[in-house]
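Accompanying notes for the structure given below.
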Amino acid sequence: MIKVHHLNQSRSTRVLWLLEELGMPYQIEHHKRDETTRLAPASLGEIHPLNKAPIIEHDNVVICESSAIMEYILDQDEKQRLRPEKGTKSYYQYLEWSHFAEGSLGLPIIATLLMRMEKRDGTNPMDGYIAKEINLDLGYIDAVLAKQTYFAGNEFTAADIMMTITLEFAANLNLLENRDNITRYLANVHSREAYQKARSFG
């Protein structure tokens, strides 16, 4: 059985959501953020040196990083669900968006979060760069979702799980104003039973 080291209010929700979608049995070990610093507890560092969530343990394998964990879990699924067939157009869309979530989109979103912890007037060169990147990325996403239901086409995949969690960070930072297609998309995926179960763990 896969053991999921779950940190509250973190990316590890992705892992729980995927496992719920697949109906795979799993065990959760809960870790709580420091209420003052919001940092992960040292207990995660006892599992993996990076001291970050998500982390899974399975068959003597310990893996950190959301995207790698998602691929590992999908490899365990005998029915090969939530990932398009390799070599198809949908598969490469799936692959692109799975990496986009923590790459192109993740950087400016997290940078925005960190910069808002400081007193800034918006005139620093980095502010302009981050604003440009966010506008570019969210505009691209909104345009794609105007043409298709999910990120890899018209079928829900694990790429949607990856992207949803990052888009929720953007929503919490009030970055989705006038992004109607993204807002509609999030309402759609939030209605999924597996998502709601994963979110119930905090």
- [ ] Could you state whether Leu173 and Tyr140 fall into the same hydrophobic cluster, counting links through intermediate Ile, Leu, Val, Met, Phe, Trp or Tyr residues with side-chain heavy atoms under 4.5 angstrom apart?
- [x] yes
Task: Minimum heavy-atom distance Leu138-Ile182, with the two atoms named - done: O-CD1, 3.7 Å
Task: Hydrophobic cluster membership, Met126 vs Leu136, 4.5 Å side-chain cutoff - done: no
Task: Sub-6.0 Å ring centroid separation between His5 and His31 - done: yes
TODO: Give the minimum heavy-atom separation between Gly153 and Gln93, together with the two atoms involved.
DONE: N-OE1, 3.9 Å
Open item on the list: Just to verify, what does Gln9 make a side chain to side chain donor-acceptor pair (under 3.5 Å) with, not counting sequence neighbours?
Closed with: Arg38
Task: Tyr195: ring pair (Phe, Tyr, Trp, His ring centres under 6.0 Å) partners, not counting sequence neighbours - done: Trp17, His190
Open item on the list: Using a strict threshold of under 4.0 Å (side-chain N to carboxylate O), is an ion pair present between Arg11 and Glu102?
Closed with: yes
Open item on the list: Given 3.5 Å as the limit, does a donor-acceptor pair link the side chain of Asn172 with the main chain of Phe169, or not?
Closed with: no
Open item on the list: Checking the side chain of Asp59 only, and the main-chain atoms of Val61 only, is there a donor and an acceptor separated by less than 3.5 Å?
Closed with: no
Task: Distance, nearest 0.5 Å, that separates CE of Met24 from CG of Leu22 - done: 5.0 Å
Open item on the list: Do Tyr150 and Val189 make a side-chain contact, defined as non-hydrogen atoms from C-beta onward lying under 4.5 Å apart?
Closed with: yes
TODO: For a side chain to side chain donor-acceptor pair (under 3.5 Å) with Arg83, tell me which candidate from Thr157, Asp75, Asp77 qualifies.
DONE: Asp75
Task: Separation of Leu16 CG from Ile161 CD1 (nearest 0.5 Å) - done: 10.5 Å
Open item on the list: For a side chain to side chain donor-acceptor pair (under 3.5 Å) check, start with the C-alpha distance between Arg14 and Thr166, then their side-chain angles and the critical distance, and finish with the verdict.
Closed with: CA-CA 10 Å; Arg14 286 175 172 143; Thr166 306; 2.7 Å; yes
TODO: Verify the ring-centre separation between Phe100 and Phe151: is it less than 6.0 angstrom?
DONE: no
Task: Exercise: identify the closest heavy-atom pair between Pro108 and Ile130 - done: O-CG2, 3.6 Å
TODO: Go through the steps to decide whether Leu74 and Gln80 satisfy the test side chain to side chain contact (heavy atoms under 4.5 Å, CB included), and finish with yes or no.
DONE: CA-CA 7 Å; Leu74 291 168; Gln80 290 296 290; 6.0 Å; no
TODO: Assess whether atom OH of Tyr129 is packed by more than 12 heavy atoms of other residues, nucleotides or ligands within 6.0 Å.
DONE: no
Task: Worked check of side chain to side chain contact (heavy atoms under 4.5 Å, CB included) between Met163 and Ile141 - done: CA-CA 10 Å; Met163 284 295 297; Ile141 294 166; 3.7 Å; yes
Open item on the list: Within the structure provided, determine whether Leu105 and Ile134 are in side-chain contact (heavy-atom separation under 4.5 Å).
Closed with: no
Open item on the list: Evaluate Glu65 against Lys52 for salt bridge (Lys or Arg N to Asp or Glu O under 4.0 Å), listing each step before the verdict.
Closed with: CA-CA 8 Å; Glu65 292 296 334; Lys52 296 177 181 179; 5.4 Å; no
Open item on the list: Within this structure, what is the CG-CG distance for the pair Asp142 and Asp137, rounded to the nearest 0.5 Å?
Closed with: 12.5 Å
Task: Co-membership, hydrophobic cluster, residues Leu113 and Leu167, 4.5 Å side-chain - done: yes
- [ ] Could you tell me whether the side chain of Ile47 reaches within less than 4.5 Å of the side chain of Val62, counting heavy atoms only?
- [x] yes
- [ ] Could you tell me the separation between the OG1 atom of Thr13 and the CD1 atom of Ile165, rounded to the nearest 0.5 Å?
- [x] 5.5 Å
Open item on the list: Working note: Leu7 + Arg33, criterion side chain to side chain contact (heavy atoms under 4.5 Å, CB included); need CA distance, chi angles, decisive distance, verdict.
Closed with: CA-CA 7 Å; Leu7 178 65; Arg33 292 184 182 277; 3.7 Å; yes
- [ ] Provide the closest heavy-atom pair for Ala170 versus Ile109 in the form atom of the first, atom of the second, distance.
- [x] CB-CD1, 3.7 Å
Task: Whether over 12 other heavy atoms sit under 6.0 Å from Glu155 CD - done: no
- [ ] Decide, yes or no, whether a salt bridge links Arg192 with Glu21 under the criterion of side-chain N to carboxylate O below 4.0 Å.
- [x] yes
- [ ] Scan side-chain atoms only and decide if Thr88 and Ser90 contain a donor-acceptor pair under the 3.5 Å cut-off.
- [x] no
- [ ] I would like to know whether Tyr185 and Thr149 meet side chain to side chain contact (heavy atoms under 4.5 Å, CB included); could you show each step before the answer?
- [x] CA-CA 7 Å; Tyr185 167 83; Thr149 307; over 6 Å; no
TODO: Measure across Lys197 and Ser200 and return the closest heavy-atom pair with its distance rounded to 0.1 Å.
DONE: O-OG, 2.5 Å
Open item on the list: Enumerate the ring-ring contact (aromatic ring centres under 6.0 Å, His included) contacts for residues 45-64, please, sequence neighbours excluded, ordered by first and then second residue.
Closed with: His58-Tyr72
Open item on the list: Any heavy-atom pair between the side chains of Ile55 and Val4 that's under 4.5 Å?
Closed with: no
Open item on the list: Would you compute the distance between atom CG of Leu18 and atom CD1 of Ile69 and round it to the nearest 0.5 angstrom?
Closed with: 10.5 Å
- [ ] Look up atom CG in Asn181 and atom CG in Leu176, then write down how far apart they are to the nearest 0.5 Å.
- [x] 11.5 Å
Open item on the list: If I compare all heavy atoms of Asn51 with all of Leu44, which pair ends up nearest, and what's the gap?
Closed with: OD1-C, 3.3 Å
Open item on the list: Can you classify the ring geometry of His6 versus His30 as parallel (below 30°), tilted (30 to 60°) or perpendicular (above 60°)?
Closed with: perpendicular
